[in-house]
Protein chains: 4
Amino acid sequence: MLLTSDAKGVFPIAPTPFLDDGAIDTASIDRMMDFYVGCGSTGVTVLGQLGEASKLEHAESLDVASRVIARAGKLPVVVGVSAPGFAAMRALTRDVMDRGAAGVMIAPPNTLRTDDQIVGYYRQAVEAIGADVPFVLQDYPLTFSVQMTPGVIRRIVQELPSCVMLKHEDWPGLEKISTLRGFEADGSMRHISILCGNNGLFLDYEMERGADGANTGYAFPDMLCDVVRLSQEGQREAAHDLFDAHLPLLRYEQQPGAGLAVRKYVLKRRGILASAAQRKPSAPLTEKARLEVEHLLARLARFDARAGRLVP
Amino acid sequence: MLLTSDAKGVFPIAPTPFLDDGAIDTASIDRMMDFYVGCGSTGVTVLGQLGEASKLEHAESLDVASRVIARAGKLPVVVGVSAPGFAAMRALTRDVMDRGAAGVMIAPPNTLRTDDQIVGYYRQAVEAIGADVPFVLQDYPLTFSVQMTPGVIRRIVQELPSCVMLKHEDWPGLEKISTLRGFEADGSMRHISILCGNNGLFLDYEMERGADGANTGYAFPDMLCDVVRLSQEGQREAAHDLFDAHLPLLRYEQQPGAGLAVRKYVLKRRGILASAAQRKPSAPLTEKARLEVEHLLARLARFDARAGRLVP
Amino acid sequence: MLLTSDAKGVFPIAPTPFLDDGAIDTASIDRMMDFYVGCGSTGVTVLGQLGEASKLEHAESLDVASRVIARAGKLPVVVGVSAPGFAAMRALTRDVMDRGAAGVMIAPPNTLRTDDQIVGYYRQAVEAIGADVPFVLQDYPLTFSVQMTPGVIRRIVQELPSCVMLKHEDWPGLEKISTLRGFEADGSMRHISILCGNNGLFLDYEMERGADGANTGYAFPDMLCDVVRLSQEGQREAAHDLFDAHLPLLRYEQQPGAGLAVRKYVLKRRGILASAAQRKPSAPLTEKARLEVEHLLARLARFDARAGRLVP
Amino acid sequence: MLLTSDAKGVFPIAPTPFLDDGAIDTASIDRMMDFYVGCGSTGVTVLGQLGEASKLEHAESLDVASRVIARAGKLPVVVGVSAPGFAAMRALTRDVMDRGAAGVMIAPPNTLRTDDQIVGYYRQAVEAIGADVPFVLQDYPLTFSVQMTPGVIRRIVQELPSCVMLKHEDWPGLEKISTLRGFEADGSMRHISILCGNNGLFLDYEMERGADGANTGYAFPDMLCDVVRLSQEGQREAAHDLFDAHLPLLRYEQQPGAGLAVRKYVLKRRGILASAAQRKPSAPLTEKARLEVEHLLARLARFDARAGRLVP
């Protein structure tokens with residue numbers, strides 16, 4: 001079952017669960033996957049930027065991907081294979097596709113500048129991994145410093161049929177979605193799936209601009225699923241009401257670098273992860289920050305009962 | 001009346017009002033200033049990043065600064081004097097201080113990398129403008145790509161007595177405030193005023209970390225004044241309630257680049273600016289974005305009546 | 001007399017001469033200009049990157065440009081007008097064109113990334129300065145971090161008729177010259193003048209690739225004139241022999257940042273400048289470096305007698 | 001036999017030889033190593049920036065490193081282990097040290113900015129690879145955009161005893177060598193080996209500033225060995241004469257990106273490599289460039305007979 005451009009809904013970006021001693025926590029992987037499936041996710045992405053992929057050796061990466069795939073049931077699993085060289089990218093892609101991945105996600109190296117460099121990079125990546133492997137184009141200039149115009153994305157989509165999804169994380173990015181959907185409308189670009197990242201910070205309006213859903217790691221993926229569903233059902237104000245209630249915490253979690261600690265902490269408080277541990281190097285939550293997260297959860301619980309169902 | 005390290009409260013970052021034909025709109029400057037003074041601001045900053053300073057010729061910059069100063073009454077006015085060379089910085093500083101500015105704001109050029117380069121730059125800037133001119137250190141890595149550690153800020157503060165305020169826009173930045181206030185507590189750094197930028201996206205918790213207020217351009221500076229006051233009075237939940245109600249719009253306005261059009265549009269709808277025009281090059285609000293802003297205002301008006309008092 | 005796309009030969013990049021106390025040294029300007037004219041230069045560029053333009057106030061910049069223009073006789077003078085905003089660029093352009101400049105040079109701001117941003121920037125610049133002012137496109141990625149593909153340069157040249165010259169400083173850049181001349185040959189781009197910068201580090205082969213000459217500040221512009229002439233006359237080996245003899249010093253002077261001190265020192269030793277002083281902030285020559293330059297001059301003098309005719 | 005801070009002489013940066021079909025050319029590895037040993041090299045570095053390391057899968061990297069180590073005899077072999085994550089760096093380090101490497105080379109990721117980030121990165125790297133593995137600090141801001149002041153290098157050297165060598169590629173960099181040797185002289189930093197990169201562009205004066213030799217990939221490592229030897233013997237002018245004769249070609253080969261094709265071409269012409277092939281993605285030599293290299297070789301052969309002993 002390969003990823004296609006018809007993908008919709010929510011693909012949570014899964015963190016990699018560790019035990020306090022740094023070992024991979026397979027029980028938490030299972031629990032997390034069951035939670036994702038149960039709350040209405042339509043796919044999962046692993047070993048992305050926030051999956052601490054660079055802290056895993058190759059064999060560990062395969063173990064994590066395999067376990068996620070096994071537990072995902074019918075849900076497609078996308079695996080991040082960004083690497084400094086095409087040899088490592090090819091090797092990881094081959095190994096995870098063999099184990100049942102539905103596709104891979106490729107971020108641009110932060111040395112790319114010109115339009116031609118960007119298009120050329122994805123051309124070479126497809127040559128390396130094979131044109132039969134569906135891939136997700138990750139557009140995240142805030143972290144990667146690579147700016148892809150809508151025109152460049154169109155060139156990639158038109159030239160490379162295996163590009164089936166855009167992980168949209170440009171910022172600001174609402175007009176980009178409108179422009180890309182406009183390209184589809186005027187026939188100059190084939191349809192691709194657009195799922196939004198950036199912790200969902202603009203998911204409310206991104207859906208209204210034509211996005212197909214979310215592809216991000218906010219610790220309440222169940223909320224993301226609800227907002228996407230409400231939006232698809234046309235329940236606009238209900239979608240915004242729910243989204244706005246989560247916005248204070250969501251914004252807090254979205255902080256670059258610091259966000260992963262918040263995310264793992266909340267997932268632990270929700271009983272999904274056994275530990276909030278990150279492998280080194282890591283930036284753990286300070287006590288002040290932990291109290292702020294607790295404060296945000298308590299305030300959120302007044303509107304969304306899920307934020308009140310916590311374990312110690 | 002010069003700026004000192006005791007500054008507290010809200011210093012709005014003023015946009016530069018233009019008429020539809022690009023001329024400077026002096027009537028709107030006056031109205032805007034009266035609004036700032038009336039809503040409880042404790043100072044004003046002009047010709048900053050979002051003041052379209054680079055679209056003004058030198059004489060125009062002086063005119064705007066003079067008019068703002070004249071109308072600010074007792075409020076201290078800080079003028080942005082960032083420039084690619086020290087000659088232009090010195091010239092503008094001299095001219096605005098002569099006209100009654102309380103101090104200047106200096107952003108680092110985006111070519112600075114090492115700690116020593118950053119400290120050296122501010123040393124040279126003070127040599128250029130004179131050690132008697134109070135200055136605001138602008139720490140905005142998202143736009144300037146210059147990363148100042150707390151240790152670097154401490155070196156600047158300790159070496160340069162005319163540094164009296166930090167415009168704090170690091171992101172994430174809460175721990176930075178705690179670290180700097182920790183330096184003050186342990187006696188390794190003298191006290192400076194810390195006012196927060198970034199459109200106020202984290203103002204709620206920044207105040208709790210020890211910030212003295214806000215120094216940003218959100219189109220509801222009256223809300224910023226209220227939140228700062230509530231926070232200073234210890235009314236924690238009331239501060240968060242008001243802040244959270246504004247967060248959806250505030251987040252929307254905070255988008256880099258796109259935010260200025262939103263800000264000017266809202267200020268126009270509030271009757272403060274006569275026109276939302278920007279000088280070229282500009283990125284005007286699309287119709288889709290305009291409708292989103294209207295939607296955000298309508299939703300906000302349910303909680304804050306000020307968002308409902310609009311002019312056509 | 002305006003700059004045209006037929007320009008050929010050597011346009012030295014003039015430093016700004018200062019006296020030891022930082023005052024502008026007008027006598028040295030005159031002597032330098034007489035030297036440039038006398039050695040066969042075909043134009044002059046002032047207030048460029050290495051002209052310490054950012055250390056001059058507006059009035060000083062005009063004084064320098066005026067004096068250079070007055071003394072240049074029939075030679076066209078190009079003035080660097082790069083600025084962080086179009087208002088300052090327009091003001092300086094207007095003022096120097098009024099004083100008789102032949103055109104202006106515009107470098108891209110280092111925030112530009114995508115092809116469209118680069119083309120858009122030059123479109124706006126032309127709108128600001130007027131389509132009747134000939135301009136030089138400066139392509140210097142090493143310093144400006146802006147990468148212009150040949151395709152982007154072609155878009156600028158085709159869209160903006162006032163673009164008449166490329167200051168070619170890409171590195172590596174030989175293939176770029178061949179590609180651009182290929183565009184002219186296949187009719188997809190009109191002819192422009194290509195003068196090479198980068199201190200002339202590849203001038204020997206750049207001429208053979210189709211460049212029209214040099215536009216750089218090496219302290220022996222007379223050598224640059226000779227190499228361009230020999231190359232144009234088809235005296236290939238003679239051109240290389242002369243160039244190679246200068247290469248050790250030329251390479252030394254080409255070091256970013258450090259090069260200006262070397263350049264001014266050598267120009268002083270040659271009796272052209274009265275002082276090697278730079279305005280602050282500056283990086284003066286260390287004693288070790290000074291001795292290295294002397295060593296390089298002594299070695300060069302064995303092949304080129306001009307390096308032996310020095311003043312104390 | 002581990003690398004120590006007493007290392008001197010020339011450690012060529014070895015390219016990875018491929019056959020025309022992209023397979024690793026083991027016969028050429030042997031021939032190249034015999035050449036390095038025979039011409040007086042004192043060590044070898046493999047899998048560096050220019051070794052196309054990112055185009056090798058993990059097992060291939062180990063094969064190349066093993067073969068190089070086996071053929072190096074008593075010469076220490078340094079292996080580049082720079083990686084986006086510490087897990088991959090640790091795995092590769094462990095594997096190559098097991099196979100007899102003398103140490104590893106670590107470049108900084110190009111996201112590092114502040115002094116503390118740089119020092120922290122190397123601290124974490126040592127934690128990952130083990131404090132018993134000698135490492136080479138690679139200081140190459142032109143490619144990595146990471147600027148290490150002498151003070152930062154001193155902090156790393158003083159804090160991390162396993163840092164035994166600096167691969168010096170700052171540009172300009174002469175003063176940096178003087179400053180670091182000054183730190184040693186004033187007792188504030190222990191002695192480390194400084195070998196210079198950047199294709200040797202300033203090797204002549206770097207030796208005079210206190211460098212211990214070269215660590216770069218210029219296609220005439222025998223010339224580098226001669227220059228280092230002559231310099232160490234105090235034969236200053238002879239060293240410069242030889243160096244200057246090579247400078248035109250050396251400069252040509254030093255072009256970022258384009259240089260590898262030149263280097264492999266010349267090594268093939270010298271009979272050391274069987275093929276100049278690079279693995280994709282690659283930038284092959286154009287015919288114009290190839291003729292320029294031939295021209296440079298022919299001119300060089302007038303002074304250095306080795307440039308005339310070529311194979312077809």
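Proteins come first, then strands; the chains are lettered A, B, ... in the order of their sequence lines, and each starts at number 1.
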D/Ser54 to A/Pro84 - nearest heavy-atom pair and separation: CB-O, 4.0 Å
Chain D contact via A/Glu127 - side chain, backbone, both or neither, heavy atoms under 4.5 Å: side chain
Winner by heavy-atom pair count (cut-off under 4.5 Å) against chain A, out of D/Glu52, D/Met89, D/Glu60, D/Arg94: D/Arg94
Euclidean distance, A/Asn110 CG relative to D/Thr111 OG1, rounded to 0.5 Å: 7.0 Å
Closest heavy-atom pair and its distance - A/Glu57, D/Ala91: OE1-CB, 3.5 Å
CZ on D/Phe86 to NZ on A/Lys280, rounded to 0.5 Å: 10.5 Å
Chain D interface, residue from A/Gly120, A/Ala83, A/Ser82, A/Ala87 that has the most non-hydrogen pairs under 4.5 Å: A/Ala87
